[in-house]
Structures are given as structure tokens and as C-alpha cells.
Undergrad: 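Pasting in a structure now, in C-alpha cells, and then I'll have a few things to ask.
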Amino acid sequence: MELVAGNVAVVTGAGSGIGFALAERFAKAGLHVVLADVQDEAAAAAAEKIAAHGVDTLVVRTDVSKEADVQALATATLERFGAVHVVCNNAGVASLADPWFGPVSSWEWVLGVNLWGVVHGCRAFLPHLAGGGHIVNTASVAGLMPGFGPSYDASKHAVVALTEDLFTTVRMVGLPIGVSVLCPGWVRTNIIEAERNWPAALGDRPDNDPAYGVMVNYAKRAIAEGVTPASIADAVADAIVADRFWVIPQQEFLDIAIARWDTIAERLDPDPPEDVPGLPPRSQIVEEVLRALSPS
């Protein structure tokens with residue numbers, strides 16, 4: 001579908017990172033933008049910048065892990081603009097807690113935002129897109145290859161799967177709705193600081209996994225040296241216009257995912273890649289992790 005001036009786009013996680021870049025990209029095309037985020041100040045500041053492009057904006061505080069919040073987002077969108085044309089279920093978080101011996105609340109948080117947020121977004125907006133529109137669900141290369149953390153990987157694999165099912169469903173029944181899944185690698189965002197938004201309802205924020213202490217610094221550098229959110233937003237816009245399902249902006253990560261599937265085809269045991277873009281060799285990281293975990 002074309003990005004038509006005067007149409008309406010909804011973006012979750014719009015206060016920063018990829019979400020803000022998507023909102024700005026749509027505004028540059030003349031779309032009015034609904035910005036959803038749990039951070040009031042960030043969303044308000046983002047909306048001010050988006051409005052400078054001459055479009056109307058609406059800020060709706062939304063915890064995407066809560067169905068009622070996302071349904072309220074859809075209602076507010078329709079009450080303000082009367083229609084919706086593009087929906088980007090983009091909000092995402094990552095936890096640094098120990099996934100196996102730490103509290104289960106870290107899993108509840110990550111799956112609540114990354115997975116249930118997408119489920120709620122699709123269910124809330126699909127009925128209002130029957131006349132035509134496009135849904136973009138933000139996954140990650142972690143949805144195509146594990147290795148970024150169990151809860152994060154699980155949530156993103158699930159997003160890829162449900163989005164593919166949604167794509168085949170709307171095609172099967174003939175609905176004029178485009179569906180895309182976004183699977184970026186390293187992008188210059190604040191994902192590592194996501195726990196600043198830890199919800200009080202889940203109790204105390206879990207302590208960081210000591211093993212992740214080694215990875216965090218490398219991940220921060222890889223993110224800082226990653227692609228810009230604006231380039232990701234451009235790739236999404238291109239996919240919407242071309243009605244293309246897969247949005248995988250970084251070929252080097254896709255190559256790793258393809259190599260992994262080659263080993264699956266041969267029924268070989270998992271063997272994580274030695275080299276991942278932006279990171280030191282895996283053998284070096286493993287050695288540093290074991291050193292960090294060994295008694296002094």
C-alpha cells in the first residue's frame with residue numbers, strides 16, 4: 001500500500017529508538033501519527049518533534065502488555081482520527097536477569113511486552129483494518145537465530161511465527177491487509193537500558209545475571225556501532241509500499257540464520273557461530289564469562 005498523506009499510523013514504543021524513527025518516517029510522508037509509550041515525557045517530546053512535520057499527533061500512554069491499554073489505544077485512535085491505516089507493534093524490552101535461577105518476573109516482563117504486546121496490538125486493530133491497511137510487527141534477528149538471551153529469543157521467535165501465521169490468514173481469506181515482520185540486528189537504541197521501565201506491579205527489579213556483565217559492554221558497543229533507527233524505518237516504509245513480508249535490513253545476520261538452518265537440515269546439534277557481527281569471537285566471550293563466574 002502507498003503511504004498516503006492524511007492517513008493514520010499507530011506506533012507503539014514511539015518515544016525513542018526504532019519507534020520514534022518509524023513515527024517520523026510516517027510523518028515525513030504526511031501521515032498523522034499516534035504515539036504509544038509507557039514513558040510520558042519521552043512520548044510527549046517525540047510528539048512535539050513529529051508535529052513539526054505538519055501532521056497531527058496523538059499521545060496515548062500504553063502498557064502494551066495489558067490488553068485493556070491496547071484496546072484503549074485503538075479506541076482513542078478511532079475517536080480522534082476515525083480510521084487507522086498502519087499499525088506498528090514495535091514496543092520491546094530485554095532483561096539482564098538470570099533466566100534460569102533468577103525470578104520468573106523477568107520472563108513475565110519480557111514476554112508481556114514483546115509477545116503479548118504484539119498479540120494485543122494485532123487483535124485490537126485488525127477489525128479496523130478490514131478496509132485496507134498494513135501491520136508491522138517488530139521482532140529481531142533473535143527471532144531467526146538464538147543467542148541473545150532466552151526470554152528475548154523466545155519472545156522474538158514467537159513474534160516471527162505469529163506474524164507469519166497472520167500473513168497467511170489474511171491472504172487466505174482475502175483481506176486487503178498487508179503484514180510484515182521486522183528482524184533487525186544491532187540498531188542504535190536504548191534497548192540495553194530497557195529495565196529503566198521495569199513495572200512496579202512485578203515487584204523488585206531482578207539483579208543482573210553476572211554472566212551478562214561480560215556481554216553487556218560488548219553489546220553496548222555493538223549497538224552504538226549499529227545502523228541508525230532511521231535506516232530501519234526506511235526499510236519498513238519500503239516493505240509497506242512493496243507489500244513485502246520480510247524486513248531483514250542486515251544481510252550479515254540473515255547469512256548466520258541461513259547457516260543455522262543448514263545445520264538443522266542435517267539434524268546436527270546446535271553449534272553457536274564463532275563470529276557474530278559487532279562482537280568479539282565467541283570463544284573469547286565464553287572464556288571471559290567463565291572467568292567472571294569462577295570463585296576468586
Undergrad: Would you kindly confirm whether I50 and L22 end up in one hydrophobic cluster when ILVMFWY residues are joined by side chain heavy atoms under 4.5 Å apart?
TA: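 Yes, it is one cluster - the side chains of I50 and L22 are joined through contacts under 4.5 Å.
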Undergrad: Determine whether a donor-acceptor pair (N or O, by modelled atom type, separation under 3.5 Å) exists between the side chain of E274 and the backbone of P281.
TA: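 No: the side chain of E274 does not pair with the backbone of P281.
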Undergrad: For the CG atom on D262, are there more than 12 heavy atoms of other groups (residues, nucleotides or ligands in this structure) within a distance under 6.0 Å?
TA: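 Yes, enclosed.
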Undergrad: Do the side chain of T12 and the main chain of A91 share a donor and acceptor less than 3.5 angstrom apart?
TA: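 Present.
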Undergrad: Salt bridge check, R282 against D275: does any charged N sit closer than 4.0 Å to a carboxylate O?
TA: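 Looking at D275 and R282, the cut-off is not met.
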Undergrad: State, yes or no, whether a side-chain contact exists between Q284 and Y218 at a heavy-atom distance under 4.5 Å.
TA: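 Q284 reaches Y218 side chain to side chain.
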Undergrad: Can you check whether F20 reaches K49 side chain to side chain, under 4.5 Å on heavy atoms?
TA: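 Heavy-atom side-chain distance check passes, below 4.5 Å.
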Undergrad: For atom CD of Q251, decide whether the heavy atoms of other residues, nucleotides or ligands shown that lie under 6.0 angstrom number more than 12.
TA: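 Yes, the 6.0 Å shell around CD holds more than 12 heavy atoms from other groups.
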Undergrad: Can you find a side-chain donor-acceptor pair between S180 and H134 that sits under 3.5 Å?
TA: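 H134 and S180 do have a side-chain donor-acceptor pair below 3.5 Å.
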Undergrad: Has S231 got a side-chain atom pairing as donor or acceptor with V227's backbone, closer than 3.5 angstrom?
TA: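 Pair absent, no side-chain N/O of S231 close to backbone of V227.
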Undergrad: Kindly check if the number of other-residue, nucleotide or ligand heavy atoms within 6.0 Å of CZ (R80) is above 12?
TA: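 Yes.
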Undergrad: So do I285 and M215 actually touch side chain to side chain, heavy atoms under 4.5 Å?
TA: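 The answer is yes; the side chains approach within 4.5 Å.
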Undergrad: Can you tell whether the side chains of R171 and D243 come within less than 4.0 Å, N to carboxylate O?
TA: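 Salt bridge flag = yes for D243 with R171.
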Undergrad: Are I191 and V159 connected into the same hydrophobic cluster when the rule is that any two of I, L, V, M, F, W, Y join if their side-chain heavy atoms are below 4.5 Å apart?
TA: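 Unlinked, V159 and I191 end up in two clusters.
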Undergrad: Give a yes or no on whether the backbone of K156 and the side-chain of S140 come within a donor-acceptor separation of less than 3.5 Å.
TA: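 No; zero donor-acceptor contacts below 3.5 Å.
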Undergrad: Is a side-chain N or O of R61 found less than 3.5 angstrom from the main chain of V38, in a donor-acceptor match?
TA: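 Here the side-chain-to-backbone pair exists.
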Undergrad: I need the single residue from T163, N137, T138 that forms a side-chain hydrogen bond (donor to acceptor under 3.5 Å, both in side chains) with N89. Which is it?
TA: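 It is N137; the other options fail the test.
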Undergrad: Within the distance-only criterion (no hydrogens, no angle test), does the side chain of S95 pair as donor or acceptor with the backbone N or O of A97 below 3.5 angstrom?
TA: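 Yes, because the side chain of S95 sits within donor-acceptor range (under 3.5 Å) of the backbone of A97.
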Undergrad: If you measure from CG on D56 to CG on L31, what distance do you get to the nearest 0.5 Å?
TA: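 Answer for the CG-CG pair, D56 versus L31, is 11.5 Å.
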Undergrad: Are W186 and F148 near enough that their ring centres are under 6.0 Å apart?
TA: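 Aromatic pair counts; centres sit under 6.0 Å.
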Undergrad: Examine distances only and state if a side-chain atom of D98 and a backbone atom of F101 form a donor-acceptor pair shorter than 3.5 Å.
TA: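 Looks like yes, one N/O pair under 3.5 Å.
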Undergrad: Is there a side-chain contact between L126 and I177 in this structure, where contact means two heavy atoms from C-beta onward sitting under 4.5 Å apart?
TA: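 L126 reaches I177 side chain to side chain.
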Undergrad: In this structure, are over 12 heavy atoms from other groups packed under 6.0 Å from W107 atom CH2?
TA: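 Enclosed.
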Undergrad: Do side-chain atoms of R188 reach the backbone of G226 as a donor and acceptor pair under 3.5 angstrom?
TA: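 Answer holds: yes.
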Undergrad: Please say which of I240, N7, L3 ends up in a side chain to side chain contact (heavy atoms under 4.5 Å, CB included) with H85.
TA: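 Considering I240, N7, L3, a side chain to side chain contact (heavy atoms under 4.5 Å, CB included) with H85 is found only for N7.
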Undergrad: Main chain of Q71, side chain of H120: is a donor-acceptor contact present, judged purely on distance under 3.5 Å?
TA: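 No, because the side chain of H120 does not come within donor-acceptor range (under 3.5 Å) of the backbone of Q71.
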Undergrad: Would you indicate whether the side-chain heavy atoms of I232 and P229 approach each other to under 4.5 Å?
TA: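 A side-chain contact is absent here, since even the closest heavy-atom pair is not under 4.5 Å.
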